[in-house]
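The sequence lines fix the lettering, A, B, ..., with proteins before strands; numbering per chain opens at 1. Hydrogens, waters and symmetry mates are skipped; everything else that's a heavy atom, side chains included, is used.
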There are 2 protein chains.
Amino acid sequence: MSEGQIELLRGTLDMLVLKVVALGPSHGYAIAQRLQQISKDFFRVHQGSLYPALHRLEDRRWLQAEWKESETGREAKFYSLTKKGRRQMDAEVVNWERLCNAVGLVLRTPEKES
Amino acid sequence: MSEGQIELLRGTLDMLVLKVVALGPSHGYAIAQRLQQISKDFFRVHQGSLYPALHRLEDRRWLQAEWKESETGREAKFYSLTKKGRRQMDAEVVNWERLCNAVGLVLRTPEKES
DNA sequence: GGAATATATGTCGACTTCCTAGGTATAACC
DNA sequence: GGTTATACCTAGGAAGTCGACATATATTCC
């Protein structure tokens, strides 16, 4: 019943989706499940966030889509990472790490003792 | 001339501002400067982000404001952390750390080798 | 005296991204 | 026949950030 974070940090979803797709081509529904599993139930992507995000990433040519039969024998839209998408992912990961460091600097600044 | 990140990650500014104010009461202009210094020039808060954020935090009673004379001898609006603000800050820090761990889990998942 | 810069606060509209809530459809299971 | 899981989608609203603009004072330099 752990509810994870209240709301996804805006701007991180693209990177996370790109990363999951980099693990292997996958369709929307499965991407959300993988993300939830890998993050140990922390990230729960709502469909209203996921599908617009996938369309966004496809529009930007970071993902490309193809209809295929899924594991369950049903038609699903499989996304795979383009070269441009991989570059973007790498850039976002680097930026994420720099951001974490910067936040860390702020959080670890000690308050003065009286 | 390093330009820092393109855009602040939405949702992190509140925590950062609360943290900086926790270091000691300060006014808007100085808060932005401190944030930039502490983060080694990574965070550059735009005025159009900063002042709305400060008003937001004040509305939520996480900060309280008082007009005082600044170091330069001019009137400035000094913000200080309320008890409620400290609780909020602590909660946001905990959440941030959990989020970082979750993102880390995703980013460190290895891709299959062929 | 005048111009530029730093200090200090603020607002407005555009933009992006996320959520809630709804919708469609198929397949499996009871 | 009803429920659950799978699988896709959209519309409207809320929230936060940005860029641009506006205002005013103090200092510094020419």
Inset, instruction - Decide yes or no for B:Leu16 and B:Val45: does some side-chain heavy atom of the first lie under 4.5 Å from some side-chain heavy atom of the second? - result: no
Inset, instruction - Among C:dT9, D:dC18, D:dA7, find the nucleotide with the atom closest to the side chain of A:Tyr51. - result: D:dA7
Inset, instruction - Check whether any side-chain heavy atom of B:Leu50 lies under 4.5 Å from a side-chain heavy atom of B:Leu54, and answer yes or no. - result: yes
Legend entry - Nearest listed nucleotide, side chain of B:Lys77, among C:dT9, C:dG22, C:dC19: C:dT9
Inset, instruction - Answer with base, sugar-phosphate or nothing: what part of the nucleic acid does B:Gly48 contact at a heavy-atom distance below 4.0 Å? - result: base
Legend entry - Nucleotide C:dT16, atom C1' - distance to CD of A:Glu92 in whole Å: 14 Å
Legend entry - Candidate nucleotides C:dT20, C:dA6, D:dA7, ranked by approach to the side chain of A:Arg74 - the nearest: D:dA7
Legend entry - Protein-nucleotide distance (A:Leu54, atom CG; C:dT17, atom P), rounded to Å: 13 Å
Legend entry - Any B:Ser70 side-chain N or O less than 4.0 Å from OP1/OP2 of C:dA8: yes
Inset, instruction - Using the rule that two of Ile, Leu, Val, Met, Phe, Trp, Tyr join whenever any of their side-chain heavy atoms come within less than 4.5 Å, decide whether A:Trp96 and A:Trp62 are in one cluster. - result: yes
Legend entry - Donor-acceptor pair (no angle test) under 3.5 Å: B:Arg10 side chain, C:dT16 base: yes
Legend entry - Student check: side-chain heavy atoms of B:Lys19 and B:Ile38 closer than 4.5 Å: no
Inset, instruction - Measure from CD on A:Glu71 to P on D:dT6 and round the result to the nearest Å. - result: 10 Å
Inset, instruction - Can you sort out which residues in residues 55-62 of chain A have a heavy atom within less than 4.0 Å of DNA chain C? Ascending by number, please. - result: A:Arg56, A:Arg60
Inset, instruction - Answer yes or no: does a side-chain N or O of B:Gln33 lie under 4.0 Å from OP1 or OP2 of C:dT7? - result: yes
Inset, instruction - Send over the distance from A:Leu8 CG to C:dT17 P, rounded to a whole Å. - result: 13 Å
Legend entry - Length of the CZ-C1' vector between A:Phe43 and C:dC19, whole Å: 16 Å
Inset, instruction - Looking at every strand, decide which applies to B:Gly73 at a 4.0 Å heavy-atom threshold: base, sugar-phosphate, or nothing. - result: nothing
Inset, instruction - Go through C:dC18, D:dT17, D:dA7 for me and flag the one nearest to the B:Ser49 side chain. - result: D:dT17
Inset, instruction - Rounded to the nearest angstrom, tell me the gap between atom NE2 in B:His46 and atom C1' in C:dA8. - result: 18 Å
Inset, instruction - Tell me whether the OP1 or OP2 atom of D:dA7 has a side-chain N or O from A:His27 closer than 4.0 Å. - result: yes
Legend entry - Distance-only donor-acceptor test, A:Glu75 side-chain atoms vs D:dC8 base atoms, 3.5 Å: no
Legend entry - d(CD, A:Glu7; C1', D:dA15) in whole Å: 8 Å
Inset, instruction - Please test B:Gln33 against B:Gln37 for side chain to side chain donor-acceptor pair (under 3.5 Å), starting from the C-alpha separation and ending with a verdict. - result: CA-CA 6 Å; B:Gln33 285 185 318; B:Gln37 286 163 9; 5.4 Å; no
Inset, instruction - Counting heavy atoms from C-beta on, name the nucleotide in D:dT17, C:dG10, D:dT10 closest to the side chain of A:Pro52. - result: D:dT10
Legend entry - Whole angstrom value for the distance that separates C1' of D:dG16 from CE of B:Met15: 15 Å
Legend entry - Pairwise side-chain contact, B:His27 with B:Glu71, heavy-atom cut-off 4.5 Å (strictly under): yes
Legend entry - Distance, nearest 0.5 Å, that separates CZ of B:Phe43 from CD of B:Gln36: 11.0 Å
Legend entry - Within-4.5 Å side-chain heavy-atom neighbours: B:Glu69 and B:Glu75: yes
Inset, instruction - Looking only at side-chain atoms of A:Tyr29, point me to the closest of C:dG10, D:dT17, D:dA7. - result: D:dA7
